[in-house]
Amino acid sequence: MAIFLGDALEVVSKLESNSVQVIYLDPPFFSQKRHTLSSKEGKTYDFDDHWNSLSDYTNFMTDRIVECKRVLKDSGTIFLHCDTSAAHHLRLILDNVFGTENFRSEIIWHYKRWSNSKKGLLNAHQTIYFYSKTNKYKFNKIYTDYSATTNLDQITQKRTRKDNNKSGYLQDNDGNVVLDTQKNGVPLSDVWDIPYLNPKAKERTGYPTQKPIHLLKQIINISTDEGDTVLDPFCGSGTSMVAAKLMGREYIGVDISSDAIEITNRRLLHPIESNSELLKKGIDGYKNIDPTKLSLLNYFHAKPIYRNKGLDGFINDSINNKLMGIKIQNNDESIVESFDKFNRALSKKNISTGLLVQTHDDDLKFDFDDITSEKITLIKSPDFILQEVMNRKIY
Ligand SMILES: C[S@@+](CC[C@H](N)C(=O)[O-])C[C@H]1O[C@@H](n2cnc3c(N)ncnc32)[C@H](O)[C@@H]1O
C-alpha cells in the first residue's frame with residue numbers, strides 16, 4: 001500500500017508488470033480550466049487543466065494508458081472517468097490500446113442537478129469507460145432492486161424464447177405458467193444514479209472534482225475481491241484509496257500535487273464516508289412503499305415490489321428452492337382484510353406460500369386458525385412484539 005507524489009507516467013512505469021487487479025483513472029478532463037475549491041477550514045486547493053492543444057492532451061493520456069495496460073494483470077480491468085470535453089478521444093485511445101474486443105461498458109454516472117445557467121440541456125452525467133485487458137477478466141455480478149414499474153409476472157414467471165424468437169412466459173404442457181425458483185434482483189446496469197457530493201457532505205475535503213466514495217466502492221466491488229490491488233494514477237483527494245481501504249483491498253495512489261497527497265494520507269488515517277439519504281431511499285423514492293414497510297421487508301431479506309395491491313415483495317426460499325410472497329399489514333387494514341387480499345394475490349399469481357406480517361392489533365377478534373393456513377404463515381413484526389411486551393410490563 002503506497003501513495004506517491006509524482007507524475008503518473010513516471011511512477012506507474014516503475015511498477016511491476018501484471019501486478020494490479022483494477023485501475024481507476026480520473027485524470028484532468030481537458031476542460032481548459034483551473035479547478036479551484038476551498039475546504040471548510042478555508043484552505044484553497046486547485047489543479048490546472050489547461051492544454052496547448054488537443055494532441056498534447058491525447059499524447060499525454062496515451063502514454064499513461066499504455067503503461068496502465070502493462071501493469072494490469074491478465075484478469076484486470078480499467079475504468080477511465082471523463083466527461084464530454086474529450087470522452088470521444090479517450091474512447092479511441094482505449095480502443096487502440098486495449099482493443100475494441102475488450103471494451104466492456106460505457107458507464108453513465110448520473111446525478112441530480114438543479115441549476116443551469118447556460119443555454120441548452122442540463123448536464124447531469126459523467127462517463128466511465130470500462131475495458132478489460134483480456135476476455136478472462138474478473139467481474140463480480142451485483143444485483144439491484146426491481147424498479148417501481150416492474151410487473152410481478154416479470155419477476156416470478158420463467159421466460160423462454162418462442163418459435164418466432166420473441167421472449168415470452170414459459171408454459172407447461174397443460175398451458176399453466178411455470179414459476180421461476182430463485183431471483184436475485186436486476187443485474188446492475190450501466191447507468192449509475194449516485195448523488196454528487198453535496199457541499200455539507202461529511203466526506204468532502206474541499207479538493208476540486210472530488211468524487212463520492214460510493215461511486216468508487218461500486219467500481220471496486222464489481223472488479224475486485226478482498227486483497228486485490230487498486231491503482232489510481234491521478235488520485236486527487238484519494239477517494240479511490242479510501243474506498244479500497246474500507247473494502248479490504250490493497251491500494252497504490254499517485255498524484256502530482258503535494259496538497260492532493262497530503263489530503264489522501266490524512267483521509268486514509270481516518271476514513272470518513274457520508275451517509276446519503278437519497279441513496280438509502282433509492283432514486284425512485286420507493287414510490288408507494290413507506291419507509292417502515294421497506295425496513296420490515298429488508299428485515300426479512302425480501303425484495304420489494306411496487307405494483308401489486310395484495311403483495312409487498314417476495315423472499316427467495318432457498319431451502320425449498322422457490323419464491324415466497326410477503327405482505328405487511330397496512331395501518332388501515334384489519335389482519336383479516338390483509339389476509340384476504342394477500343390470499344387472493346398469491347392465488348392469482350400461482351404462488352404457493354406466503355408470509356403475512358402483522359403490524360398491530362385490531363379491534364376485531366379473530367380466530368388465529370382462520371387466518372393461517374398451509375399457504376400463508378402469520379408472523380408478528382418486531383415492533384409489534386415489543387409493544388406487546390411493554391404493555392405487559394409494569395416498570
Ligand atoms: C480529476 S482530479 C482527481 C480527483 C479524485 N478522483 C478525487 O476523488 O479527489 C485529477 C487529478 O490529477 C492530478 N494530475 C494532473 N496531472 C497529473 C500527472 N501528470 N500525474 C499525476 N497526477 C496528475 C491533479 O493534481 C488532480 O489531483
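Quick caveat: nothing in here was measured; it's all calculated off a predicted structure. In this chain, residues are counted from 1 in sequence order. Each ligand, and each atom within it, is numbered from 1 in the order the structure gives.
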Suppose we screen for side-chain contact (heavy atoms from CB on, under 4.5 Å). Which residues come up paired with D46, at least two apart in sequence or across chains?
R34, T36

Provide the full list of salt bridge (Lys or Arg N to Asp or Glu O under 4.0 Å) pairs with a residue in residues 195-210, sequence neighbours left out, each pair given once.
none

Using side-chain contact (heavy atoms from CB on, under 4.5 Å) as the criterion, list what pairs up with E106, not counting sequence neighbours.
R91, F103, I108, T127, Y129

I'd like to know if K341 and E337 make a salt bridge, using a cut-off of under 4.0 Å between side-chain N and carboxylate O.
no

Side-chain donor/acceptor of N102 to backbone N/O of K133, under 3.5 Å:
yes

So which protein residues pack against ligand 1 under 4.0 Å, heavy atoms counted?
G6, D7, A8, D26, P27, P28, F47, F60, Y207, T209, Q210, K211, P233, F234, C235, G236, S237, T239, D255, I256, S257

For a salt bridge (Lys or Arg N to Asp or Glu O under 4.0 Å) check, start with the C-alpha distance between E250 and K245, then their side-chain angles and the critical distance, and finish with the verdict.
CA-CA 7 Å; E250 305 284 318; K245 180 170 185 178; over 6 Å; no

